[in-house]
Student: 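Before I ask anything, let me first share the structure, which is written out below as structure tokens.
Numbering starts at 1 and runs along the sequence shown. It should be emphasised that the depicted structure is a prediction, and the values quoted were computed from it without experimental measurement. Order of listing sets the numbers, starting from 1, for every ligand and every atom in it.
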Amino acid sequence: MENQLEFESVKTNLERIKNQILDCEKSSNRPLGSVKLVAVSKFHPAESVLFAMDAGQNLFGENRVQEAAKKFDFVREQGRSPELHIIGQLQRNKVKEAVRIASCIESVDRLELLQEIEKQCAKIEKTIQIFFEIHTGEESKSGFESAESLYEVLKKCAAGEFPHVNPAGLMTMAPNTDDKELIRKSFSTLRNLRDKIRVDFPSLCINELSMGMSGDFPIAIEEGATIVRVGTAIFGQRNYDA
Ligand SMILES: *Cc1c(COP(=O)(O)O)cnc(C)c1O
């Protein structure tokens with residue numbers, strides 16, 4: 001009974017978010033279906049992932065590798081094939097596990113991480129997608145701080161230094177504020193940087209813009225997001241004590 005209720009709520013929430021995404025695509029003259037939804041399941045159990053999959057969701061995001069490995073190994077043992085993005089700050093010693101379980105690492109914020117991702121992917125002969133996390137708002141702590149530092153890394157990518165890595169986009173977190181203009185500015189900064197990279201590095205295909213969470217994804221879509229990462233609005237509040 002309780003399970004049925006939780007399933008219904010995840011399903012209803014997913015339907016609502018997907019409709020909101022469609023509305024935003026329409027109102028900002030974006031092609032329908034051009035924005036992908038990453039369901040952020042961190043701090044929620046494997047059961048919640050299974051509920052979301054039963055409701056048609058296949059793409060998930062997690063920010064802690066150990067938690068994600070345990071959860072998604074279990075889900076895959078059930079014969080399911082979810083796709084997983086790692087979206088949180090990543091330590092070097094977690095990269096091996098991260099590349100095993102994920103199809104994309106959205107939170108690449110330094111060269112050393114990229115080098116370790118390349119090394120671990122080469123070992124298992126896997127090519128992984130990555131996004132570069134960019135610091136665009138005062139309150140977030142992680143991400144490349146400047147276009148210059150990112151450009152150093154992009155040059156190495158363009159030179160073919162990371163054959164097992166496919167850099168495909170940029171990711172950011174807007175500041176945690178009620179100031180909508182500040183949030184919008186953070187998203188437009190990311191889009192402008194992506195547009196500049198497209199011109200300066202035409203050989204790389206940096207197209208994706210992963211931006212927008214439960215509280216701000218409509219603004220992100222207006223500003224060009226191709227991926228939104230929504231947790232709370234799908235799965236409910238996270239219990240950090242559990
Ligand atoms: C937790 C998290 C989200 C989802 O946040 P909600 O506010 O619950 O939608 C999105 N992106 C990142 C990087 C996160 O860590």
Student: So, are K18 and E15 salt-bridged, with charged N and O less than 4.0 Å apart?
Tutor: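 No, this pair does not count.
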Student: Please list the nearest protein heavy atom to atom 13 (C) of ligand 1 with its residue and the distance rounded to 0.1 Å.
Tutor: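 For this ligand atom, the closest protein heavy atom is I87 O, 3.5 Å.
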Student: If the cut-off is 4.0 Å to any non-hydrogen atom of V230, which atoms of ligand 1 fall inside it?
Tutor: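 What qualifies from ligand 1 is 9 (O).
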Student: Are the charged groups of R100 and E97 less than 4.0 angstrom apart, N to O?
Tutor: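 Between E97 and R100 there is a salt bridge, with a charged N closer than 4.0 Å to a carboxylate O.
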Student: Please state whether the rings of F132 and F144 are parallel, tilted or perpendicular, taking 30° and 60° as the class boundaries.
Tutor: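 Perpendicular, since the angle between the ring planes exceeds 60°.
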Student: What part of R238, side chain from CB on, backbone N/CA/C/O, both or neither, has a heavy atom under 4.0 Å from ligand 1?
Tutor: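 Just the side chain.
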Student: Quick one: do I221 and I21 satisfy side-chain contact (heavy atoms from CB on, under 4.5 Å)? Show the steps, please.
Tutor: CA-CA 8 Å; I221 294 173; I21 291 174; 4.1 Å; yes
Student: If you link I, L, V, M, F, W and Y whenever their side-chain heavy atoms are under 4.5 Å apart, who else ends up in the same group as V199?
Tutor: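 Direct or chained contacts put V199 with none.
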Student: Where is the nearest protein heavy atom to atom 6 (P) of ligand 1: which residue, which atom, and how far?
Tutor: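 Here the nearest protein heavy atom works out to S214 OG, 3.5 Å.
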Student: Within a distance under 4.0 Å of any heavy atom of T232, pick out the atoms of ligand 1 and give their elements.
Tutor: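 Ligand 1 atoms under the 4.0 Å threshold to T232: 6 (P), 7 (O), 8 (O), 9 (O).
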Student: Of all the atoms in ligand 1, which lie at a distance below 4.0 Å from a heavy atom belonging to G231?
Tutor: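 Under 4.0 Å from G231, ligand 1 has these atoms: 4 (C), 6 (P), 8 (O), 9 (O).
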Student: Please say whether M213 places an N or O atom under 3.5 Å from an N or O atom belonging to ligand 1.
Tutor: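 In fact, backbone or side chain, M213 has no N or O that close.
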Student: So which protein heavy atom does atom 11 (N) of ligand 1 come closest to, and at what separation?
Tutor: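 Here the closest protein heavy atom is R229 NE, 2.8 Å.
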Student: How close does the nearest protein non-hydrogen atom get to atom 1 (C) of ligand 1, and which residue and atom is it?
Tutor: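 Of the protein heavy atoms, K42 NZ, 1.4 Å lies nearest.
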Student: Going from CD1 on I87 to CD1 on I105, what distance comes out if it is rounded to the nearest 0.5 angstrom?
Tutor: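 Reported value, rounded in 0.5 Å steps: 12.5 Å.
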Student: Would you say E222 and S28 are linked by a side-chain donor-acceptor pair, where the criterion is simply a distance under 3.5 Å?
Tutor: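 No, because no side-chain N or O of S28 sits under 3.5 Å from a partner of the opposite role on E222.
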Student: Pull out every atom of ligand 1 sitting under 4.0 Å from any heavy atom of M173, numbered as shown with elements.
Tutor: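 That gives atoms 13 (C) of ligand 1.
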